[in-house]
Amino acid sequence: MRGGTIPARDLSRTTRAENFDGDAGVRLVDETKVRGTAVGATAAGQWISFATSALRPGSHTFTARVAKATAGAGTIQVRLGSPTGRLLGTATVPSGDDYRYVSVSAEVARAAGTHDVYLVFDSALRLADFSLR
């Protein structure tokens, strides 16, 4: 049976974190007490990946909606190719509570082409969605 070619994922659009392709250590959690699903990291080094993602030549800002209940700031690293691959940038996540999502942004190194994109967490937090523009 012949089928069409699946295009590369466009991360410049708001992308739900729950739609990841690969992961290590994370779990799916409730986004709010009423509805929605987010990705919950519980420890440093956990990650999610988005395979075959098209990055536009002008991509240079990572924006995410996150919640963090534990004390102290956390981070999300944006990497290419693997959880230890090329670091494009790091977003800082302030502490708050599990259901109070805030928008965080970080400048990232320019990268174009099709890549596997990894989001690596350094602490317990919840990620609802993100974009890479």
Side-chain angles (χ1 to χ4, degrees):
M1 184 179 332
R2 291 186 172 207
T5 302
I6 298 173
R9 187 186 308 238
D10 182 1
L11 296 182
S12 69
R13 297 166 144 181
T14 300
T15 301
R16 296 291 304 169
E18 68 184 298
N19 293 331
F20 60 83
D21 294 307
D23 73 287
V26 300
R27 57 191 171 95
L28 295 177
V29 296
D30 51 334
E31 181 177 350
T32 70
K33 291 183 180 185
V34 178
R35 70 176 154 259
T37 302
V39 169
T42 58
Q46 295 179 342
W47 53 265
I48 56 176
S49 67
F50 297 84
T52 318
S53 298
L55 302 181
R56 297 179 182 183
S59 294
H60 64 280
T61 302
F62 171 75
T63 303
R65 251 181 0 103
V66 295
K68 183 175 186 309
T70 57
T75 63
I76 301 173
Q77 295 180 343
V78 181
R79 293 185 173 269
L80 295 184
S82 78
T84 58
R86 178 179 168 209
L87 177 64
L88 293 184
T90 303
T92 301
V93 179
S95 63
D97 72 46
D98 278 342
Y99 298 105
R100 186 172 50 125
Y101 286 81
V102 297
S103 182
V104 299
S105 294
E107 293 298 314
V108 296
R110 292 185 184 267
T114 303
H115 302 273
D116 293 344
V117 175
Y118 287 75
L119 303 181
V120 182
F121 311 109
D122 83 330
S123 60
L125 57 83
R126 291 173 184 237
L127 174 64
D129 54 51
F130 73 96
S131 64
L132 190 56
R133 295 187 179 129

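Quantities reported herein were computed from a predicted structural model and do not represent experimental measurements. Starting from 1, each residue takes its place in the sequence as its number.
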Please find the pair of heavy atoms, one from K68 and one from A124, that lie closest to each other, and give the distance. CG-O, 3.4 Å

W47, V108: one ILVMFWY side-chain cluster at the under-4.5 Å cut-off? no

Approximate separation, where rounding is to 0.5 Å, of L132 CG and T14 OG1: 11.5 Å

Are L119 and L88 linked, directly or through intermediate hydrophobic residues, by side-chain heavy-atom contacts shorter than 4.5 Å (ILVMFWY only)? yes

Roughly how far, to the nearest 0.5 Å, is CG of D21 from CZ of R9? 4.5 Å

Side-chain heavy-atom pair V104, P94 within 4.5 angstrom cut-off: yes

All heavy atoms of P83 vs all of V120, minimum pair found to be O-CG2, 3.6 Å

Can you see which heavy atom on A112 is nearest to which on P57, and at what distance? CB-CA, 3.7 Å

Minimum heavy-atom separation for A111 and L55, please, with both atom names. O-CB, 3.4 Å

Would you confirm whether D116, through its side chain, and T52, through its main-chain N or O, come within 3.5 Å as a donor-acceptor pair? yes

Determine the minimum heavy-atom distance between G40 and V29, stating which atoms define it. N-CG2, 3.9 Å

Counting neighbours of CZ on R65 that are heavy atoms of other residues, nucleotides or ligands and sit closer than 6.0 Å, is the number greater than 12? yes

From R100, R126, R16, residue fulfilling salt bridge (Lys or Arg N to Asp or Glu O under 4.0 Å) relative to E31: R16

I'd like to know if F130 and V26 are part of one continuous hydrophobic network [Ile/Leu/Val/Met/Phe/Trp/Tyr, side-chain heavy atoms within less than 4.5 Å]. yes

Separation between CZ (R13) and CZ (R133), nearest 0.5 Å, reads 10.5 Å

Show your reasoning for whether side-chain contact (heavy atoms from CB on, under 4.5 Å) applies to V39 and L28. CA-CA 5 Å; V39 169; L28 295 177; 4.2 Å; yes

Looking at S49 and A51, would you say the former's side chain and the latter's main chain have a donor-acceptor pair under 3.5 Å? no

Do you know which two heavy atoms are closest between T15 and D10, and how far apart they sit? OG1-O, 4.1 Å

Is V117 linked to V66 within one hydrophobic cluster, defined over Ile, Leu, Val, Met, Phe, Trp and Tyr using a side-chain heavy-atom separation of less than 4.5 Å? yes

Going from CZ on R27 to OG1 on T37, what distance comes out if it is rounded to the nearest 0.5 angstrom? 12.5 Å

Do the side chains of Y118 and L80 join up, straight or via other hydrophobic residues, at under 4.5 Å, putting them in one cluster? no

Could you walk me through whether L125 and I76 satisfy the side-chain contact (heavy atoms from CB on, under 4.5 Å) test, starting with their C-alpha distance in whole Å, then the side-chain angles of each, then the deciding distance to 0.1 Å, before giving a yes or no? CA-CA 9 Å; L125 57 83; I76 301 173; 4.2 Å; yes

Straight-line distance of T70 OG1 to D98 CG, nearest 0.5 Å: 8.5 Å

